Structure formats: structure tokens, C-alpha cells
Amino acid sequence: MQASPPAPSSAPPVDTVERAASTPDEAQPHAALGLRDEEYARIRDILGRRPTEAELAMYSVMWSEHCSYKSSKVHLRRFGETTTEAMRARLLAGIGENAGVVDVGDGWAVTFKIESHNHPSYVEPHQGAATGVGGIVRDIMAMGARPVAVMDGLRVGPLDAPDTARVLPGVVSGVGFYGNCLGLPNIGGEVVFDPTYAGNPLVNALCVGVLRHEDLHLAFASGTGNKIVLFGARTGLDGIGGVSVLASETFDAADPTQAPSRKKLPSVQVGDPFAEKVLIECCLELFGGGLVVGIQDLGGAGLSCATSELASAGDGGMHIDLDAVPLRAADMTAAEILSSESQERMCAVVTPENVDAFMAVCRRWDVTATVIGEVTDGDRLRITHQGATVVDVPPRTVAHDGPVYERPYARPAWQDTLQADSVAGRPRPSTPGEIAEQVRALVASPALASRAWVTEQYDRYVRGNTTSATPADAGVVRVDEESGRGVAVAIDANGRFCQLDPRAGAQLALAESVRNVASSGAVPVAVTDCLNFGSPEDPAVMWQFAEAVAGLADGCAALGLPVTGGNVSFYNQTGSTAILPTPVVGVLGILDDVTRAVPHGLGPEGHAVWLLGE
Amino acid sequence: MSRIGVITFPGTLDDVDAARAVRYAGAEPVALWHDDADLQGVDAVVVPGGFSYGDYLRAGAIAARSPVMGPVVEAGRAGMPVLGICNGFQILCEAGLLPGALVRNHGLRFVCREVGLRVEADTAWTSSFTVGQEIRVPLKSGEGRYVADAATLDALEAEGRVVFRYTEPAPNGALRDIAGISSADGRVVGLMPHPEHAIDALTGPGTDGLGLFTSVLRRLTAAA
Amino acid sequence: MARVIVDVLPKAEILDPQGQAVARAMGRLGVSGVADVRQGKHFELEVDDSVDDAELERIAGSLLANPVIEEWVVRRVP
Amino acid sequence: MARVIVDVLPKAEILDPQGQAVARAMGRLGVSGVADVRQGKHFELEVDDSVDDAELERIAGSLLANPVIEEWVVRRVP
Ligand SMILES: Nc1ncnc2c1ncn2[C@@H]1O[C@H](COP(=O)(O)OP(=O)(O)O)[C@@H](O)[C@H]1O
């Protein structure tokens, strides 16, 4: 409570570039925003002054672990280094784009990617999982593709842990709610139980999209005078929890009545799959009409990410006017608008002569669309709010030139003990009674029980192209109805193997996923991965990570399969206990004709059963 | 060739499947748009499944009041064959073309599984089947529990307007295991399960669902 | 501008599985003393002063509620 | 026995897709004069007289509403 009443409400001064230049010593809460002192100093260096509030918001979120890959970058390079030209032969787009795109023949291409939404799914399981599906689907849309299927890899605590009863049903209903309502068949996934996931479930969602080669769209803004259009949902105060430290500083003083609710902003986003379904159809009509030069989805880091990435991938500068952004809440600051993670939004670059046609398509689908800026000469990203310049930065410094850490890593001391603890000395069942008992225990174990409770909540029929979903080794969808051309996808990981040996464990995950795709009759052609680990600040975790990446990269090279994209999720831990190292590997395979896919399960009576391998 | 309209509302999902089923049956699918009160001279209409308007408010409530539904209700009352599948069934009930309502599944969860249905009435959409025949099609819905007051249910049964019944206890708790019903003249039919997902053994449980589409085609060509 | 509340409940004779699930959950959580729960919908509308009570009834009965299965109450709040 | 009503609404700063969809639908359906719609849940409980207000608050906040995204009001009715 404030002792004296505030002065009659006057809006806090907008922190413009001018003001920042003239108040170099104003204290800024960079640490509360997750920026280290040297990172903050680097921003001041880049800009030659202190950042404005809005710039600070942008840098802090774009330089976060989630967006900048600052701890993982040095290791992920390995994927690039081990990928040969021959492995790249089928790739129309690879790592670095929203999602990798693979040529699957006959002029068709397929894009696929897996992403995590772990932490939000613990806070609010239903909405967290739902918006996780929504996010990966928009990544796929941003490539110019029609999303055609989803998969979900779920990891939670033991079945009888109290939180599991809250988290698992919520996550499953969220995945189903969003995917079903979008009309995307769910073609497979995993449900894994382990105590290390009890306070930190893993929700990894994969989406597959299909496009013709000529429809490939990349995220870049070029062509001076081209318009930047924001379309989809309005921008609200969702998911800006972090940035509210900025708001609280200025708003506390100006209007204490407003501060409490602002400060406690939930970082939870609510998904609106209906809005996203309409957005998909709207985007496809826009692509079909040739109305889009470049496109970018809005996910984590919202407009900060979309504008800086579009601008730095293009060949000019960009001007954005935040006053044009349709808002859902009153009095949002520039920092809040830029950081909002409101769902179901996309950002497109459109030539001036196509703007009217673009708007007409959006109106037909009842999608709000607004020109919020344009591509400019020069190389600066300039953002104005209430008539004043609040951001003026080289976009690459925000989007790509973030910090890179060589975090220390070391094989943990307990690794030897863990590996030495083999089953060799353990008693084994020998009598028929003991064996029967063990079989019963296995069958009854949650690890092996039927997944029907989960999969019955997911639509697998919609669009009429699913030729294999649960139960199956891999999900199979038909891409072309005429020729029967299709793709098979599987996702796999075994955290316990990875705990024992992260390098071999990652390779086993890859091998299992490849086997699952191959045993559906498809030829494996590409890999996506979702690397879920504990804190990168823990050298043992960092070692697991480095080993797993190296193992996966070498495994992919040995099999001749390129990694086309993926996602890193760090800080998955409860207190100081990290989750099992969990590199989830997704593999995509091609079938020339889905009618010749190998069905799951035993065939008709009289067929022989063969065991291949040792 | 008979022309069968397939309506797309914002949030409709199974329009591609319904159009494919129409094509497989040998008719020409005609895309109809929710905002356009023009049936383009079609001979019959399919209101497909999905989540029109996100199922917000009540499933089918908002779609039932769209421009295209005016002429659909009018034509349906005048005897044009109309089929509502899943969300389409919900829309036909909300539009007053069929009695009763569809509410949340009694288990409170979305249910996607193959179900057995017994065909119990000879209608414009079931004449390719014999009464009593059992077919297998997918069911996938969260608000598929058919309800109506007892008098309405009694009347439906007495008038032979229960077209499909689940062969096992209804997975959604539908009263009297009702999966689909018809108008008094047997030309407007609504059902929760998805015949359009059972037209090819490659992508569905079999081809039983095709029977609904060949039925109406027979009816249309016989009338012509 | 006036604020109007419309509360919609399933008719008494219609099974209310959501309400029942809540009632059961109470038992499991050790909450005693709740005999019955019914769950419906709650709408808050901002309406022009020009909208009269008859119009509000019409909006409630023809859109917000389905008279086949639901009943509703409309009230204006200050 | 007492009758208790709990109304639950999405928090003001949280997206309310249902309410927005209904508001848009009204415009399309020719209902004019409705500026805004918010949609939430409405619960009617029958409770023992022994259940006090604190207990009711606890029930509302832990079972009927999701405090992460919703707010609620509890009231006893005659
Ligand atoms: N979370 C999930 N989402 C969708 N499908 C799932 C999920 N979990 C399991 N499945 C599916 O259920 C089936 C059985 O799963 P599982 O027991 O893990 O089999 P497997 O060991 O053969 O992968 C598979 O088809 C799998 O894809």
C-alpha cells in the first residue's frame, strides 16, 4: 500500500529512444527479465545507449534460452557438420526455418517438426497442452503447408502420483480438444511414466504438413514498401508474465489501483482452436492466391520474434506501428504488445497492390487483419508507439546475434555406479509360477497397458487420409489421393536408456523410430528432434546433452538421415532433480503407395512368423 | 448426374470427407458456403461434421442460424433429402428440422471409436440397407448424447423414425441408444457416427458408410 | 449501457453428468455436506439501454439457451 | 439445507473465445444493441447448513473454478 495518494493519474512517460539516450543512467530491471549483467552491457554496446523499455523487453525474450538456444547452439552445430550434401539432397528447407521441408516425390513436399510445451502444461495442463499443439501447427502453416496430422509424446509422473491425476487427464483433453477441433488426425504418440516427470511433465507435439513444391514459403521480409500485415486473434496480455516487471515499475507509481492485477498476470495462454482452424483455411487461400511474399507465425516472444526474424531474414529494414495493432486490453505498453504471446496470430509480408485482395480473403474467413508496418530502406527495425520511436535496432542483433555459451560439462561421478548396477546378480524368475507372476506384472504395468484411454479421445479419421494410426508402429497418412503416395511418422525416446548412456540412448531412440517407420513399409528420409533436459547450468546435465546430441548426429550420419529441425527444452527439473535425459526423435518416411503399407499385427492364419536380426 | 451439396461453415472439418463419399457413390459434390443463402439447385444436402464455430455456446447453435440454413430448412421441410452427420446432426436439431438435442457425452470425454449400428428404418438415406442390418462406422464426438423428452422418444419409435441404434450400450449415453433419427417423411436424417469415414477399408473400418450415399442417389435417380 | 445476466441450467429431467461429476469429486476430496450440484452456463452481456426485456427474453430463449433441454433466467444488474 | 450459487467467469485479462464467438454471432443474427458477451459457468449447490462460507470458498476455488484462469463469486440464495 502506498502511503500518500498518487498524483492525479497521468500516464507514465513513454520510454522513447530519445528519452533513453538522454537518461543513460536510469536503472533498468534487466536481471528480473533474465538478462545477465554482461548481456545487458552488450545490448548497451550494440545500441550505443541504454535500451528503451520496449527494446529491453525484446532483447530479454529473444536472448532467453528458449528463443536463442544460447546453451545448446555450440552442440547443435554438430548436426550441420555431420550432414553431407547427399543427406541434404531431399531437403527443400532445413534447420533454421520454421520447420524442415522434405521432397517426397511427384512435386509433393512434406514438412514436419516436434516442439515441447512442458512448463505451461504443468501450470495448466489442458490449456498448456492445447496451446502446444496450436504452436507447432502454426510453425507448419508458416512454411506454406496444409497441416495434415499431429502426434503427441507425453511423459508424466507415476500413475498414482497425486499430480499425475491432475496433469495427465488435463494434457490429454487439451491435446484432443485442440487437434480434434482443428480437424487434424492424431496418428500416434507415447505415454511414459517416470518419477522424474512428476513435477515436470513433458508434452511434445509433432505436426506434419503437406505442400506442393511451388507453395514453399519462407519467413523473410523484402521489397521496400511491402506491407507487414498482422492477422488472426487480437493481442492481449497473455503470457507476458516476465515483462510485467517493466509494467509494474512504471504503473505502480502512476496508478497503484492498476498495478496489482497487472503484476499478477498469468503466464498462461488460453487456446482458441476454432480461431486457428479458420486461420489455417485463410492462410491456405492466401497462399493459393499468391498474396503472400513472406510469412511468420507468432509463438513464444510474439511480435518481438516475428518482426525481428522477418526483418533480419530480409534485405531491408522495417517499420512497425504498434498503434495499429488490434488490442484486447486497454492501455498496453509497447513492451507488453511486443511480448504478448496471444495465440492464433500470424504475420505476413504483402506487396502494396495485393493488400486489398489479402484483406478480402481475411474478411471472407472473418479473420481480423491489419497493416501494422512496412519494409523500409536501410537495415534498422524501427517501432513506433503513440507517435514516438520506442525501438530502433539492427534486427539481427535481436534475432540471431544473441549470446552463445560454452557451458561447462562433465560426466557425473555417479555415472559409473549407475552403469555398474546391472541386472546380472538379480534373481530371475525360474518356476512357471514366477514367470506367470512376472508376465502378469508386466501386462498390468502402466508402461505397457493399453493406450486406448488416451487415443479414444483423439480423432484419427478426419480428412480421410489416415491409413494407420493407433495401434501401429508408425502413423501413416496419404498425401496424394490419386497416386496413393504417403508418409509414415514415428516418435520415440527412452529416458532410462539415455540416463545410463546418453550417447547410445539417443541412438537407440533414433534406431527405434527408424525401425517403426521402416516396419510400416516406408523409406525413412528425415529426422526431427525434441531435446528435453534439465538445467544447462548443471555440468552433468550439460554432459548428457552434449553426449545425446553427438550420438544423435553420428547416428543420423550413419543412417544417412538429415535432422531437419527440432526444439531444445532445458530447465526440466523439480528442485535440483533433473528429468531423465529425454531426446525424443521423430522420423519421417515415404511410401510410394500407402495401399502397400505393411499392416500392424499378425496377418491371417497360416502365415509364417519370422524373427529378423540376432 | 445428381448434385449433392456439402456445406462448409467456419470450423467444419469433415466436408472433404463428405464430398469424397458423395463422389465415391457416383454423384457430384457441390460446395455450399455458410454465408450464402443459395443452394445452387442441388438435389440433396449433406451437413457435415466438425466444430462449426468451435462448438461455442452449444454445438451447432450458431451454425444453425447462418444464412445457408434458411433455404436448407425450407427445402428439408418440402421433402429434399438432407443428411446431418455429427455436428451436422446437432445443427439440424438446433435448426428445428429434427426433434431433440445432443448434449455432452455422459462420460464427459470426447470418444473416438468404431461402433456398430443397427439400421432400423427405411429412409431416403438407408434404402440400400435392409432393416435390421448391422453396419460399422466410426463415432467421434464429445457432445453426442441424444436426448428428448419421453413423449418425443415414444413418438419417434412409434413412427419408425429411429433410423440407427448403437448395437452396444451407447458410448455417449444416448437415450434408448439412439444414434440417428429422421423427419416424419424419412427424408431428413441426422446421425452422430460418421458414415463418410467408412467408405474405403484403407482409411476406415470398411465401406458400410457408403450405403447412405448410394441410398440417396438411388432415391434421386428413381425420382428423376 | 446496462449489464444483463442470463443463467442457463439443464432442465431438471435432463441428466446433468457434469454436475454429477462435480458432486462425486467433492466426495472424493472429503468435502461433505453438499447434497446436489447442477451445472449450467452464465452469460454477462453489455447491452444498449434501448434493448427491452422482451428482446432480452428472445435473445435468451432463441440463442443463449435451447428450450428443448434448458431453462434460463434473465436479470438486469446495476 | 441452503442453496448456494457459484458463478465462474474467465479472468478479465484471459481470452474468452466463447463469449467473443457469441457476441459475433449476435451481430450476424441481426441482434443489435449487445456490445459485449462473456460466458462462464453457473453452479447451483444444495448444501447442509453446517457448511460455512470459508468451506464454500474452498470448494469454489478448488473444484468449480480453475484459479489459474478463472474468477468466481459465491452467494447464498434463500
Ligand atoms: N499420447 C499418445 N497420442 C497418440 N497416440 C498414442 C499416444 N500414446 C500411445 N499412442 C499410440 O498407441 C499405440 C500403442 O502405444 P505404445 O504402447 O507406446 O506402443 P509402441 O510401444 O508400439 O509404440 C501406438 O499406436 C501409439 O502411437
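Since this is a predicted model, take the numbers as computed values, not measurements. Both backbone and side-chain heavy atoms feed into the values below; hydrogens, waters and symmetry mates do not. Residue numbers begin at 1 in each chain, while the letters A, B, ... track the order of the sequences.
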Check against side-chain hydrogen bond (donor to acceptor under 3.5 Å, both in side chains), A:Ser520 and A:Asp473: CA-CA 7 Å; A:Ser520 73; A:Asp473 296 317; over 6 Å; no
Could you give me the CA-CA distance, side-chain angles and deciding distance for A:Asn186 and A:Asp152, then say whether side-chain hydrogen bond (donor to acceptor under 3.5 Å, both in side chains) is met? CA-CA 8 Å; A:Asn186 186 306; A:Asp152 58 319; 3.2 Å; yes
Which is it for A:Arg345 and A:Thr235 under the side-chain hydrogen bond (donor to acceptor under 3.5 Å, both in side chains) test, yes or no, and what are the steps along the way? CA-CA 8 Å; A:Arg345 296 179 299 163; A:Thr235 299; 2.7 Å; yes
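Only the side chain of A:Val278 comes within less than 4.5 Å of a heavy atom of chain B; its backbone N, CA, C and O stay farther away. For A:Glu481, the part lying near chain B is the side chain, with the backbone staying farther off; criterion is any non-hydrogen pair under 4.5 Å. Neither the backbone nor the side chain of A:Leu184 comes within contact range of chain B, judged by heavy atoms closer than 4.5 Å. For A:Arg478, the part lying near chain B is the side chain, with the backbone staying farther off; criterion is any non-hydrogen pair under 4.5 Å. For A:Val594, the parts lying near chain B are the backbone and the side chain together; criterion is any non-hydrogen pair under 4.5 Å. Using a 4.5 Å cut-off between heavy atoms, A:Asn465 contacts chain B through both its backbone and its side chain. At a 4.5 Å heavy-atom cutoff, the contact between B:Asp200 and chain A is made by side-chain atoms alone. Proximity to chain A is limited to the side chain of B:Tyr56, based on heavy atoms less than 4.5 angstrom apart.
B:Asp17 places no side-chain N or O within donor-acceptor distance of the main-chain N or O of B:Ala19, the cut-off being under 3.5 Å. Remark: the backbone N or O of B:Ser52 is paired with a side-chain donor or acceptor of B:Asn87 at under 3.5 angstrom. Distance alone, capped at 3.5 Å, is enough to place a donor-acceptor pair between the A:Asn180 side chain and the A:Gly176 backbone. Between the side chain of B:Gln90 and the main chain of B:Ala101, no donor-acceptor pair closer than 3.5 Å is present. Under the 3.5 Å distance criterion, the side-chain polar atoms of A:Gln457 are matched with a main-chain donor or acceptor of A:Trp453. B:Arg165 places a side-chain N or O within 3.5 Å of a backbone atom of B:Arg176 that can act as its donor or acceptor partner. Between the side chain of A:Ser450 and the backbone N or O of A:Ala452, at least one donor-acceptor pair lies under 3.5 Å. A:His117 contributes a side-chain N or O that, together with a main-chain N or O of A:Gly128, makes up a donor-acceptor pair within less than 3.5 Å.
When the candidates A:Thr466, A:Thr595, A:Val462 are compared by the number of heavy-atom contacts under 4.5 Å with chain B, A:Val462 comes out ahead. Chain B forms more heavy-atom pairs under 4.5 Å with one residue of A:Leu182, A:Thr467, A:Val172, A:Ile280 than with any other, namely A:Thr467.
For residues 164-176 of chain A, every residue pair satisfying the side chain to side chain donor-acceptor pair (under 3.5 Å) rule, not counting sequence neighbours, is listed here: A:His126-A:Ser173, A:Asp163-A:Arg166.
Note on ring orientation: taking the six-membered ring where Trp is involved, the planes of A:Tyr461 and B:His197 are parallel (angle under 30°, cut-offs 30° and 60°).
Residues of residues 123-144 of chain B having a heavy atom under 4.5 Å from any heavy atom of chain A, listed by number: B:Pro138, B:Lys140. Among residues 2-15 of chain B, the residues having any heavy atom closer than 4.5 Å to a heavy atom of chain A are, in sequence order, B:Pro10, B:Gly11, B:Thr12, B:Leu13, B:Asp14. Residues of residues 107-116 of chain B lying under 4.5 angstrom from chain A, judged on non-hydrogen atoms, are B:Arg109, B:Phe110, B:Val111, B:Cys112, B:Arg113, B:Glu114 by number.
Using a 4.0 Å cut-off between charged nitrogen and carboxylate oxygen, A:Arg364 and B:Asp35 do not count as a salt-bridge pair. We find that B:Glu196 and B:Arg20 are not joined by a salt bridge, their nearest charged nitrogen and carboxylate oxygen being 4.0 Å or further apart. Under the 4.0 Å criterion applied to side-chain N and carboxylate O atoms, A:Arg485 and A:Asp592 are assigned as salt-bridge partners.
A:Ala522 and A:Ala488 make their closest contact through CB-CB, 3.7 Å (heavy atoms, listed as atom of the first residue, atom of the second, distance).
Checked against A:Tyr458 for a side-chain contact (heavy atoms from CB on, under 4.5 Å), the options A:Val175, A:Thr470, A:Val150, A:Ile187 give a single hit: A:Val175.
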